[in-house]
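A short worksheet on the structure shown next.
First the proteins, then the strands, lettered A, B, ... as listed; each starts at 1. Here the structure is a predicted model, which is why all the values come from computation and not from measurement.
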Amino acid sequence: MAKFLTNRDENYSQWYNDLVIKADLAENSAVRGCMVIKPYGYAIWEKIQAELDRLFKATGHVNAYFPLFIPKSFFSKEAAHVEGFAKECAVVTHYRLKNDENGKGIVVDPTAKLEEELIIRPTSETIIWHSYKNWIKSYRDLPILINQWANVVRWEMRTRLFLRTTEFLWQEGHTAHATREEAIEETLKMINVYAGFAENSMALPVIKGYKSENERFAGALDTYAIEALMQDGKALQAGTSHFLGQNFAKAFDVQFTDRTGKLDYVWATSWGVSTRLMGAIIMGHSDNHGLVLPPKLAPIQVVIIPIYKNIEQLATLSETANKIKAGLEALGISVKYDDRDNNKPGWKFADYELKGVPVRLAIGPRDLENSTIEVARRDNLTKETIPINKVNELIPKLLEDIQSNIYTKALNFRKENTFYVDKWDDFLKVLDNQGGFIMAHWDGTVETGEKIKEETKATIRCIPFDSPEEEGKCVYSGKPSKRRVLFAISY
RNA sequence: CGGGGUGUGGCGCAGUUGGUAGCGUACUACGUUCGGGACGUAGGGGCCGGAAGUUCGAGUCUUCUCACCCCGACCA
């Protein structure tokens, strides 16, 4: 049991905060709502980026970069879009500072006021579609399949490390298509890429579905999302993909000539995931000992810790340890050999557990005599001793096993915490108890969704793609319904 | 914006009826240790978020102010 870490079952959100800080992933910064992502946390993000980038490119996308600033006027061109984001925009009004005349530091120079204010992007649809207007003339220019890795700013009222910060890192894909069908296909393709990534790399099962009307992205005709269940019974929206129809093409007057010579507006999609995924990984798997990282995203997959009594012994152990390290690295595994002299082995054990390193190898004089090594796995905290000459064979398997084990664990947790509910009382009961996913009938109206939210804080997370058609009655209004939707209290 | 809380060595905290700042930890050095968060000895480091006030004297009392954190409304 990790000392200094709040117990997960006593105070989940305190546990989460503690964990982020103690595992050295991030810390609060001098700027309200903004965090410093520390090297260990950033290393995980880099792994996320690398794999997603690979998946995007494998599906035909390319990277580009657009400005951080968006002229205010761009924003107002798409009505729903402004309305959705206006309340949380940071605005640049001046471009110069000067020395205060009273000698009290530095003030904004009032003569340096911008003609037109600049918005710091909360998302880039507008600035990108402004460019697309110049790029697209003909169906031959389509599709455009662009992704950008960037930071965005949304002035949220309340922030939480990784889950919601004022500035956050993300990727945003912005594609342009000649037909409605092709754009919808793209929207679907990308939500599937996200779901695949969540399940394969993050070891987190997700539910894919449509957002209900009032949960949709500002300016979208349809939003698809992946929803994951966290260990405290709350849902986390882990990624979204939007079918934007011709809204932005119309707002920015982006037309093209199709095969038959006819002029039409371009069809659009956008899709994104953010550093919030870090929060999903943390809350999806970790325990009272600290972080549990999926091997595929762990910056350090294997740590080797020497146990020794003196320098000479350390030298001998290091020789073997370095050989093991080199052998594993040749197999593409990232290994850290921690021969620091300032902490004892026990301290290191606890520290790497806190940091979620999937596999720990401990080697001491006893092992050296027997040509063995102790292998400890982070996911279930079990240990065993294996012959050193089996390391190259067993460790890769073990990493795979841990990856699939934590996925299965998360999947079982979700199964146990998904409730098919038909009565309003039962709906309330689930929320009162442990929370979780609730599959219930809904009459399809915004009003009912709003009322349920008001009374319970639970929202329609999505209408799952695979929710089968069945006759039923809305859990709240009793009106007829054709399929169950996913309700939960969310982050 | 409403409610709650906190600002004191790097971090975590204590500081009584006001008397000139202390503990744990981390850090530095040396020695003993090392199979689940070692120990001893010796060191270095803070002017108490900021401003004004009361007082012979303020970490402590008063007023104002700033910042951050947590809970709610908003949201990825």
Of the listed nucleotides [options], the one nearest the side chain of [X]:
X: A:Arg360; options: B:rC74, B:rG36, B:rG35; value: B:rG36
X: A:Ala362; options: B:rG35, B:rG37, B:rG36; value: B:rG35
X: A:Trp347; options: B:rA73, B:rG37, B:rG36; value: B:rG37
X: A:Pro345; options: B:rG35, B:rG72, B:rG37; value: B:rG35
X: A:Glu353; options: B:rC34, B:rG36, B:rA73; value: B:rG36

So A:Phe252 and A:Phe248, would you call those rings parallel, tilted or perpendicular, with 30° and 60° as cut-offs?
parallel

Of all pairs that satisfy salt bridge (Lys or Arg N to Asp or Glu O under 4.0 Å), the ones with a partner from residues 286-314 of chain A, not counting sequence neighbours:
A:Asp287-A:Arg378

May I ask you to list the residues of residues 308-317 of chain A, by number, that have any heavy atom positioned under 4.0 Å from an atom of RNA chain B?
A:Tyr308, A:Lys309

Under a 4.0 Å heavy-atom cut-off, which of residues 366-386 of chain A touch RNA chain B?
A:Arg366, A:Asp367, A:Glu374, A:Lys383

Donor-acceptor pairs are to be reported for all side-chain atoms of residues 33-50 of chain A against protein atoms at under 3.5 Å, with residues two or more places apart or in another chain.
| from | atom 1 | to | atom 2 | distance (Å) |
| --- | --- | --- | --- | --- |
| A:Lys38 | NZ | A:Asp24 | OD1 | 2.8 |
| A:Tyr40 | OH | A:Lys355 | O | 2.6 |
| A:Lys47 | NZ | A:Ala298 | O | 3.3 |

Apply side chain to side chain contact (heavy atoms under 4.5 Å, CB included) to A:Gln171 and list each qualifying residue two or more places apart in sequence or on a separate chain.
A:Phe56, A:Asn147, A:Trp149, A:Tyr194, A:Trp271, A:Val273

Residue pairs meeting ring-ring contact (aromatic ring centres under 6.0 Å, His included), one or both in residues 341-389 of chain A, sequence neighbours left out, come to none

Distance, nearest 0.5 Å, that separates [atom1] of [X] from [atom2] of [Y]:
X: A:Lys211; Y: A:Gln237; atom1: NZ; atom2: CD; value: 4.0 Å
X: A:Phe197; Y: A:Arg54; atom1: CZ; atom2: CZ; value: 10.5 Å
X: A:Arg8; Y: A:Ser13; atom1: CZ; atom2: OG; value: 14.0 Å
X: A:Thr316; Y: A:Ile363; atom1: OG1; atom2: CD1; value: 10.5 Å

Mind calculating the distance between CD1 (A:Ile489) and P (B:rC74) to the nearest angstrom?
13 Å

With a 4.0 Å cut-off on heavy atoms, is [X] in touch with a base, just the backbone sugar-phosphate, or nothing at all?
X: A:Leu163; result: base
X: A:Glu156; result: base
X: A:Thr165; result: base

By ring pair (Phe, Tyr, Trp, His ring centres under 6.0 Å), A:Phe75 pairs with (sequence neighbours left out) A:His81

Listed by chain and number, what are the ring pair (Phe, Tyr, Trp, His ring centres under 6.0 Å) partners of A:Trp155, not counting sequence neighbours?
none

Under 4.0 Å: is that the gap between some side-chain N or O of A:Lys344 and OP1 or OP2 of B:rG37?
no

Stem finding on RNA chain B, please: runs of three or more consecutive Watson-Crick or G-U wobble pairs, both distances under 3.5 Å, sorted by first number.
B:1-7 with B:66-72, B:10-13 with B:22-25, B:27-32 with B:38-43, B:49-53 with B:61-65

Using a cut-off of under 3.5 Å, enumerate the N/O to N/O pairs linking the protein to nucleotides 68-70 of chain B.
| from | atom 1 | to | atom 2 | distance (Å) |
| --- | --- | --- | --- | --- |
| B:rC68 | OP1 | A:Arg32 | N | 3.3 |
| B:rC69 | OP1 | A:Asn28 | OD1 | 3.4 |
| B:rC70 | OP1 | A:Asn17 | ND2 | 3.2 |

Under the salt bridge (charged side-chain N to carboxylate O under 4.0 Å, His left out) test, residues paired with A:Asp367 that sit two or more places apart:
none

Report the residues that fulfil salt bridge (charged side-chain N to carboxylate O under 4.0 Å, His left out) with A:Lys429, sequence neighbours left out, ordered by chain and then residue number.
A:Asp426

May I ask you to establish whether A:Lys208 and A:Phe465 are in a cation-pi arrangement, using a distance under 6.0 Å from NZ or CZ to the six-membered ring centre and at most 45° from the ring axis?
no

Between A:Lys348 and A:Arg154, whichever has its closest RNA chain B nucleotide further toward 5' is A:Lys348

